[in-house]
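For reference, the structure discussed in these notes is given below.
Keep in mind it's a predicted model, so treat the numbers as computed, not measured. Residue numbers count from 1 along this sequence.
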Amino acid sequence: MKKIGLAVIAFISLHSVFSQSEKMEFLVKPYLQDAEPSSIKIMWETSQGEESIVEYGPTPKLGKKSIGTAENVDFGKSRLHTVKLEGLKRFTEYYYRVRTGKLVSDIYQFKTPPFASDQESFNIVAMSDMQKDHNHPDKFLEVVNDGILQYLDKAFEGELPENLAMVLIPGDLVQDGTKYGQWQNDFFKPGEKLFSEVPVYPAIGNHENNSVFYFKYFSLPENGTPAYAEHWWYKDYGNTRVIGLNSNDGYRDSKHQYEWLRQLLEDTANNEDIDFVFAQMHHPHKSELWIPGETDFSGKVVKMLEDFSTKTGKPSIHFFGHTHGYSRGQSKEHKHLWINVASAGGAIDNWGEYEGRDYNEFTVTQDEYGFVMVEVDGDHHNPKFTIKRISRGNNIVGTKDNELTDSITVWKKERKPKAPVAISPNAQESIEGVMLKAGPFESDFKDAFHAASHWQVSEDQSFEKPVFDSWKQFENWYYLEDRQKGDDLTDEKTNRLKPNTTYYWRVRYRDQNLNWSEWSQVLSFETKQ
């Protein structure tokens, strides 16, 4: 009897060990996708189990239930669950939890988007390149928890879903998208407190390697070219249209993507509900920290967005990454911003490590960790958005505790400064170089200041082919110094000119909100031998 008893105990112990090894658990905790005013998708991954249930309601008591589907992610037993909640009220906060068998999540919150007609204001976070740096493996976790969540908690009242509408990520979410475990451990786990309550919308980067895991883990809007579902797409939130593009090899030259974008921008031009267009793609058109990362595809997209904004009067942005640092630039002739939103974890491209270039478009470039806040004003009478760079510093100068290091506000409506007064020269001048001089900046808007000057010199008054064309910003942070320090933008020296020649010159001023004045009056001068 004693031997039988021991055998039974041994069997029970082995069964207990086996049961524990088979215990169901969350591999990826709940996260939000594809939010609409009346619907949202909730996804999560478990080690096993087919049941896909979301319990939800307007209070923590929940009360409603919706059932979805489960699919295999890897070759093991794990299951990825997707439940779409429908029939929701717009711009309304809900509570939810997910259930697979006996496995039940905590209760989270989300908020549905508004209609554009509601004229609601909202915030967006944009960041990229959080692939793990093994020298600083917890950097993305820090950017999310000490960065984004702490910043929002201090800057705004209320719960997270009330203060943040969406998370945009233009690429490189993991180091190698074909490695199944990296998605769980390096992306979703560090971001779970954010992604469980705010929808996340990535654009695919080169490190995703066009992996099947990327397309399984994300349920992006399927409104792109049908044969390229989720490679490019758009999502509307209030008065803003967000566009996701694929700038990777094999897709960047696709005529289907260009044609889709051309048609989408044409439709957006005729959509009175849309005031702003924010596009995101991984690769830069120009990169001050790392020239080899640039692509012609991105340049063509920028040109399309510039033309769209000038034609329609609807300001636009292109967010990008690939280069691990922050940059903010602006197009010379258009209300279009260039924003590099890296690095949220990937090893920083420090100054001097790679070939760089000081481009005229960029006002600020910083080799740092951080994220970008976008505050959108939904008032149709005078809509605007504000970009804020929130810095976490770097490993050379040290950590920054959510320091605001750059900001710009762009209004949809024009707020033109007054045309500057051209002062001199207007007589004979030396050929060695002429100092152009104009009067002070003036604007009817009290908050406006002098942010850029554009000078032209020509041999005729058409200025179609100027012999001198200079565009300077009020600041130019490049390689840790402001190369425009001390320049008040009211004078500019030309290059060497031809002797015994009559020249014409003019200047215009721009404010910090991307509004150009009209050109000044045209003055002329003659050069001596």
Side-chain angles (χ1 to χ4, degrees), residues 26 28-37 39-44 54-62 83 85 88-98 104-114 118 120-128 130 138 140-169 173 187-202 218-219 235 237-238 240 242 278 341 344-345 369-378 385-390 392 401-402 404:
F26 286 109
V28 175
K29 290 188 176 180
Y31 60 100
L32 303 176
Q33 290 283 277
D34 200 11
E36 291 286 325
S39 68
I40 196 168
K41 291 179 182 177
I42 299 171
M43 301 179 69
W44 69 99
V54 173
E55 299 168 323
Y56 66 101
T59 72
K61 293 182 179 180
L62 307 177
V83 176
L85 307 186
L88 306 177
K89 295 181 180 179
R90 72 180 187 275
F91 210 56
T92 299
E93 191 171 346
Y94 287 89
Y95 296 81
Y96 80 95
R97 68 183 176 194
V98 307
V104 182
S105 75
D106 293 334
I107 293 178
Y108 304 101
Q109 297 169 262
F110 67 83
K111 192 170 186 177
T112 51
D118 295 326
E120 296 286 354
S121 299
F122 56 93
N123 303 318
I124 296 171
V125 158
M127 58 179 170
S128 75
M130 55 278 297
D138 297 323
F140 180 43
L141 180 71
E142 175 203 309
V143 168
V144 170
N145 292 280
D146 298 339
I148 295 169
L149 297 180
Q150 285 295 318
Y151 174 84
L152 290 167
D153 187 56
K154 292 180 179 180
F156 303 97
E157 296 181 355
E159 302 297 330
L160 175 60
E162 297 178 81
N163 299 320
L164 190 60
M166 61 173 67
V167 179
L168 302 183
I169 304 179
L173 287 65
F187 179 73
F188 284 111
K189 187 174 183 179
E192 63 188 23
K193 291 183 180 179
L194 179 62
F195 303 150
S196 61
E197 302 205 327
V198 182
V200 55
Y201 298 91
F218 297 105
S219 184
K235 168 63 63 176
Y237 193 105
T240 300
V242 175
F278 301 162
V341 299
Y369 300 110
F371 56 95
V372 168
M373 287 294 304
V374 190
E375 300 174 0
V376 181
D377 189 333
F385 63 78
T386 298
I387 298 290
K388 294 181 179 180
R389 174 61 174 186
I390 310 301
R392 299 292 305 167
D401 188 15
N402 296 339
L404 175 64

Which atom of [X] lies closest to which atom of [Y], heavy atoms considered:
X      : Y      : answer
Pro114 : Pro37  : O-CG, 4.0 Å
Val341 : Arg389 : O-NH1, 3.6 Å
Val242 : Leu168 : CG1-CD2, 3.8 Å
Leu32  : Gln109 : CD1-O, 4.4 Å
Pro113 : Glu36  : CD-O, 3.0 Å
Gln33  : Ile40  : O-CG1, 3.6 Å

Ignoring hydrogens and geometry, is there a side-chain-to-backbone donor-acceptor pair from [X] to [Y] under 3.5 Å?
X      : Y      : answer
Gln150 : Gly147 : no
Ser121 : Gly378 : yes
Glu55  : Leu62  : no
Thr112 : Lys89  : yes
Asn163 : Glu157 : yes

Asp118 and Arg90 ion-paired at < 4.0 Å
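Yes, Asp118 and Arg90 are salt-bridged.
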
Salt bridge Lys111-Glu93, side-chain N to carboxylate O under 4.0 Å:
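No, no charged N to carboxylate O under 4.0 Å.
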
Any idea how Tyr237 and Phe122 line up, ring-wise: parallel (<30°), tilted (30 to 60°), or perpendicular (>60°)?
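Geometry flag for Phe122 against Tyr237: tilted rings.
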
Should the pair Phe187 and Phe218 be assigned to parallel (<30°), tilted (30 to 60°) or perpendicular (>60°) ring geometry?
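Ring orientation of Phe187 relative to Phe218: perpendicular.
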
How would you list, by chain and number, every residue that makes a ring pair (Phe, Tyr, Trp, His ring centres under 6.0 Å) with Phe110, sequence neighbours excluded?
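Scan of Phe110 (ring pair (Phe, Tyr, Trp, His ring centres under 6.0 Å), adjacent residues dropped) gives Tyr94, Tyr96.
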
Please check if the number of heavy atoms outside Lys29 that lie under 6.0 Å from its NZ is greater than 12.
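Not more than 12 within 6.0 Å, no.
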
Taking the ring of Phe188 and the ring of Tyr31, is the distance between their centroids below 6.0 Å?
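Yes: the rings meet the under 6.0 Å criterion.
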
Salt bridge (Lys or Arg N to Asp or Glu O under 4.0 Å) pairs, two or more places apart, involving residues 140-153:
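Of all non-adjacent pairs touching residues 140-153, those that pass salt bridge (Lys or Arg N to Asp or Glu O under 4.0 Å) are Lys139-Glu142, Glu142-Arg392.
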
Check whether any side-chain heavy atom of Asp377 lies under 4.5 Å from a side-chain heavy atom of Phe385, and answer yes or no.
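Answer no - side chains too far apart.
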
